[in-house]
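See below for the structure under consideration.
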Amino acid sequence: MRPILVTSALPYANGSIHLGHLVEYVQTDIWVRFHKIRGRDCLYFCADDTHGTPIMIRARNEGITPETLVKRIHAEHVADFRDFLIGFDHYHSTNSEENRILSEEIYVTNRNAGHIHTEAVMQAYCVKDGIFLPDRFIRGNCPACGALDQYGDACESCSATYSPLDLKEAHCALCGTSPEQRESEHFFFKLGDFEPFLREWTRSGALQVQMANKLSEWFDAGLKAWDISRDGPYFGFEIPDAPGKFFYVWLDAPVGYMAASLSYFRQHGMDFDRYWRDPDQTEIYHFIGKDILYFHTLFWPAMLKGAGFRTPTGVFAHGFLTVNGQKMSKSRGTFITARDYLEQLDPEYLRYYYATKLAKGVDDIDMNLDDFVLRVNSDLVGKVVNLASRTAGFVHKHFQGRLSGDYPEDQGLFQLFLTEARSIAQHYHEREFSRAMRAIMALADKANRFVEEKAPWALAKENRMEELQDTCTVALNLFRLLMVQLHPVLPAMAEKTRVFLNLQDMNWSTTLLPIFGTAIQPFSPLMQRVDVKKVQAMVSASREMDSVPAVTSSAVVPEEKDIGITMETFMEVDLRVAKITHAETVEGADKLLRLVLDVGPLGVRSVLAGIRAFYTPESLLGRLVVLVANLQPRKMKFGVSEGMVLAAGDGSGKLFLIVPDSGAEPGMRVK
RNA sequence: GGCGGGGUAGCUCAGUUGGUUAGAGCAACGGAUUCAUAAUCCGUGUGCCGGGGGUUCAAGUCCCCCCCUCGCUACCA
């Protein structure tokens, strides 16, 4: 069996790891651990993706250097991964000497082979900030529909696409000044040179069929040269023989896989070329999100090919995570960071839950929080742990913690578990984790049925000691097999099991023979049930974190996403035109007026508004106002307020109601 | 608007190349049991398989149209 090298996509050093990222790291980690406990030579590498404009800007905003920012985030990421039991052999950084050397080598070799050309490009430049502005860093009004404050490349209102040059009243998203156009020489990687090679490689079995299909679309559209340079100042590596020009972050990001391994190989006196030059000696697998397929299945293999390196054996894409059936959302409290989770819950709950959902396809997976609690408690605590919990007591009470001297008659269960282990292993290998979990739980059911049938509690009463000990010995053996099979998913619990049963290890092969005649440790709970309250606490903690800067929404998306709220976020506020049908002062409240509003199809609302000082009830009757219709009802001293009426004010206390133009009807949506 | 994925029991999902009365886990309900972290065991499902057409001896499974939903995307990686 050839050694294998495995990677997960590099998280961008611009934000925290969240539950969406973890789908990938958990998936990869399970796969890696599976190979390791089967005795396969397997290494797992990853790194922080550290370069690019967003990092540079964020560091500038925080008044620190990009290096300092990147270092801080690195420490945070490493801690998150460690606590989620992600077992990297090495976690590196793209802002490293190894990465610079390799990036340069890949570039220079490709350049010398004629795969790089230059071309003048017109680009927006902000004089005040002193940088060229990526499209997403330019805001202005849509040239097509006039919508205000749109990005430089497309209008989120009317869907028009355009060049930032066409944007009206274009201004820098950072400082607000209007950018000027400057011409600049850019470097391009001639992807088209590699078309024959890529067409073949993508059909070589390295990709899932869905992904290969997607690629054929891109081939049909034609492969265009890739702009790989950015003008300084830019946080990244300067391009050799091109002062002031830097590698675009996506050029050196995947090289981070190599850099991480190089750093590790140097520390361990291992041969880099054996892995990265010779496809006959080793295998290389990349786990990625489906959003970054383009980089990993076109640019990356082409760059490697052009530089004389081997190409990956396989690229495995997974889908996105939804929570409660919807995209993660800060306002719903479902944008949950790794740390928010860890502060309340055990990482192995999540690892197991993801395992029950993961398969080899690219489908999105849903984390339904109610389902999460029920599933983990029922499967892990109720079925698996319970097996040990319900039998270990007898072993200690009656047999000084010793198992039977010989392995007893067990109705063929041990053998059955071993047979099943073969197909479970196959599922793991094929990344069909959900099938593996189902198969394991089916075995756990069988083991519990066995205990039920033998009724050890009855045997104890009837003083049938030998049968009692035998029953427990069988149950604990079966428990051991289950825990070995779950080891890739639940490494911490597997380790606790190893200690509990006094075993040497929890590897796959050592389970071929049953244990007997040995002593076990007293049973202590191997896992606590998921507490619903903790889940709720996690959700509300996440909701409170509204003000934190947005981070990228999937494994690696390192471009320009960090500015402003999205249209979707805005649309979550349901603003409606409402007609005041009744207004009155509130007894005992000197600032409030009670308004009764007609909101058309939404019915009638009673709202308490703090505008008594500026409006008399009589003056409001029949007027139109704007209501926040989906605000949670607020219980106040003077009654419940079912929404909020919008008013303008400068903070000094004076308020002016926002009034819809004539013609608007109650119930109309404001947008 | 484009592309892609979904729409199967209350929930999460399986359903191979179309072929016996459509399945699993969880939940629910009834019963048993009490060793166990109220765990376990037995039993219980008349589900317009999103809708409408069509192909076929036979369709959840193939073809066409439509609806809903999710994600991505917005001549760009």
Side-chain angles (χ1 to χ4, degrees), chain A residues 20 134-136 151 153-156 158-163 191 210-211 213-214 217-218 221-228 248-250 289-299 319-322 324-328 353 356-357 359 361-395 397-398 432 434-435 437-442 444-461 468 471-472 475 523-531 553-554 557-560:
Chain A
D135 292 353
R136 305 290 279 188
Y151 286 118
D153 50 357
C155 175
E156 287 183 300
C158 74
S159 305
T161 57
Y162 41 76
S163 153
L191 189 61
Q210 303 96 314
M211 298 293 99
N213 292 342
K214 182 72 186 168
E217 279 178 36
W218 286 327
L223 301 180
K224 285 172 215 138
W226 181 35
D227 185 349
I228 56 164
Y248 173 45
V249 54
W250 261 111
K290 61 183 177 185
D291 53 326
I292 52 176
L293 188 74
Y294 203 98
F295 299 98
H296 284 83
T297 57
L298 294 179
F299 296 146
F320 300 113
L321 176 74
T322 55
N324 290 338
Q326 290 179 296
K327 197 167 152 182
M328 297 193 297
Y353 189 71
T356 66
K357 298 264 166 180
V362 294
D363 301 319
D364 294 347
I365 69 172
D366 181 45
M367 177 170 182
N368 180 290
L369 294 174
D370 297 326
D371 185 49
F372 167 74
V373 175
L374 294 171
R375 192 71 189 271
V376 171
N377 286 344
S378 169
D379 288 1
L380 259 25
V381 180
K383 289 181 180 176
V384 179
V385 175
N386 186 231
L387 204 53
S389 168
R390 68 191 306 200
T391 52
F394 293 114
V395 177
K397 195 182 291 175
H398 303 289
E432 290 284 6
S434 62
R435 289 178 194 275
M437 294 308 107
R438 233 176 292 145
I440 293 169
M441 288 310 140
D445 285 340
K446 283 196 166 64
N448 274 305
R449 228 168 284 150
F450 172 82
V451 174
E452 197 69 25
E453 225 172 87
K454 294 287 183 181
W457 54 94
L459 296 172
K461 272 185 197 147
L468 174 61
T471 298
C472 295
F523 177 81
S524 58
L526 298 165
M527 175 177 277
Q528 297 300 326
R529 312 177 71 75
V530 184
D531 184 348
S553 62
S554 60
V557 186
E559 268 297 37
E560 297 94 26

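Computed over heavy atoms, backbone and side chain alike; hydrogens, waters and symmetry mates excluded. This one's a predicted model, so the numbers in the text were calculated from it and none came from an experiment. Per chain, numbering begins at 1; letters A, B, ... match sequence-line order.
Remark: the separation of the C1' atoms in B/C42 and B/U46 is 24 Å, to the nearest Å. B/C67 and B/A22 have their C1' atoms separated by 24 Å, given to the nearest Å. Between B/G25 and B/G45, the two C1' atoms lie 14 Å apart (nearest whole Å). Taking atom C1' on both nucleotides, B/C3 is separated from B/A39 by 48 Å, rounded to a whole Å. Here the separation of B/A28 from B/C11, taken at their P atoms, is 15 Å to the nearest Å. Comparing B/G50 with B/G6, their P atoms sit 13 Å apart, to the nearest whole Å. Distance noted for atom P between B/A14 and B/C62: 15 Å (whole Å). Rounded to whole Å, the C1' atom of B/C49 lies 38 Å from the corresponding atom of B/U33.
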A/M367 and A/L369: CA distance, side-chain angles, deciding distance, side chain to side chain contact (heavy atoms under 4.5 Å, CB included) verdict: CA-CA 6 Å; A/M367 177 170 182; A/L369 294 174; 3.8 Å; yes
Worked check of side chain to side chain contact (heavy atoms under 4.5 Å, CB included) between A/V395 and A/F523: CA-CA 10 Å; A/V395 177; A/F523 177 81; over 6 Å; no
A/K290 and A/D364: CA distance, side-chain angles, deciding distance, side chain to side chain contact (heavy atoms under 4.5 Å, CB included) verdict: CA-CA 10 Å; A/K290 61 183 177 185; A/D364 294 347; 3.1 Å; yes
Verdict with reasoning, A/V384 to A/M441, per side chain to side chain contact (heavy atoms under 4.5 Å, CB included): CA-CA 8 Å; A/V384 179; A/M441 288 310 140; 3.8 Å; yes
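Base engagement by A/Y294 is indicated by at least one non-hydrogen atom pair under 4.0 Å involving a base atom.
Remark: P of B/C11 and OH of A/Y353 are 13 Å apart, rounded to the nearest angstrom. Counting to the nearest Å, the C1' atom of B/C76 and the CG atom of A/L191 are 14 Å from each other. Look at CG on A/L380: it is 13 Å from P on B/C26, rounded to the nearest Å. One atom, NE2 of A/H398, and another, P of B/C35, lie 10 Å apart when rounded to the nearest Å. Protein atom CH2 of A/W250 is 14 Å distant from nucleotide atom P of B/A77, rounded to whole Å. Protein atom CZ of A/R375 is 10 Å distant from nucleotide atom P of B/G25, rounded to whole Å. For the pair A/F295 CZ and B/C72 C1', the interatomic distance rounds to 14 Å; values are reported in whole Å. Between A/D371 atom CG and B/C11 atom P there is a gap of 11 Å when expressed in whole angstrom units.
In this structure a side-chain-to-backbone donor-acceptor pair under 3.5 Å is present from A/T297 to A/L293. Counting only distance, with no hydrogens or angles, the side chain of A/N377 and the backbone of A/V530 share a donor-acceptor pair below 3.5 Å. Using modelled atom types, one side-chain atom of A/N448 and one backbone atom of A/A444 make a donor-acceptor pair closer than 3.5 Å.
We find the CG-CD distance between A/L380 and A/Q528 to be 12.5 Å, quoted to the nearest 0.5 Å.
For the pair A/P456 and A/V362, both in contact range of RNA chain B, the more 5′-proximal nearest nucleotide belongs to A/V362.
Look at A/K383 and A/D445 and you find a salt bridge, because one of the NZ, NE, NH1 or NH2 atoms lies within 4.0 Å of a carboxylate O, short of that distance. The pair A/K357-A/D363 does not count as a salt bridge, with every side-chain nitrogen at least 4.0 angstrom from each carboxylate oxygen.
Side chain to side chain, A/R375 and A/N368 fail the donor-acceptor criterion of an N or O pair below 3.5 Å.
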Write down the protein N/O and nucleotide N/O pairs, taken from nucleotides 13-16 of chain B, whose separation is under 3.5 Å; answer none if there are no such pairs.
from  : atom 1 : to     : atom 2 : distance (Å)
B/G15 : OP1    : A/R435 : NH2    : 2.9

N/O contacts under 3.5 Å, protein versus nucleotides 37-44 of chain B?
from  : atom 1 : to     : atom 2 : distance (Å)
B/U37 : O2'    : A/R529 : NH1    : 3.0
B/U37 : N3     : A/M527 : O      : 2.5
B/U37 : O4     : A/L526 : N      : 3.3
B/U37 : O4     : A/M527 : N      : 3.2
B/U37 : O4     : A/M527 : O      : 2.6
B/A39 : OP1    : A/R529 : NH2    : 3.0
B/A39 : O3'    : A/G382 : O      : 3.4
B/A39 : O2'    : A/G382 : O      : 2.9
B/A39 : O2'    : A/N386 : OD1    : 3.0
B/A39 : O2'    : A/N386 : ND2    : 3.3
B/U40 : O2'    : A/R390 : NH1    : 3.3
B/U40 : O2'    : A/E452 : OE1    : 2.7
B/C42 : OP1    : A/R449 : NE     : 3.1

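Of the listed residues (A/Y294, A/W250, A/Y248), just one forms a ring pair (Phe, Tyr, Trp, His ring centres under 6.0 Å) with A/F299, and that residue is A/Y294.
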Strand RNA chain B in bracket notation, Watson-Crick/G-U under 3.5 Å with | for pairs to another chain: (((((((..((((.....[...)))).(((((.......))))).....(((((..]....))))))))))))....
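For A/F299, the listed nucleotide lying nearest its side chain is B/A77; candidates were B/U12, B/A77, B/G71.
Taking the side chain as every heavy atom from C-beta outward, A/P525 and A/V385 never approach each other to under 4.5 Å.
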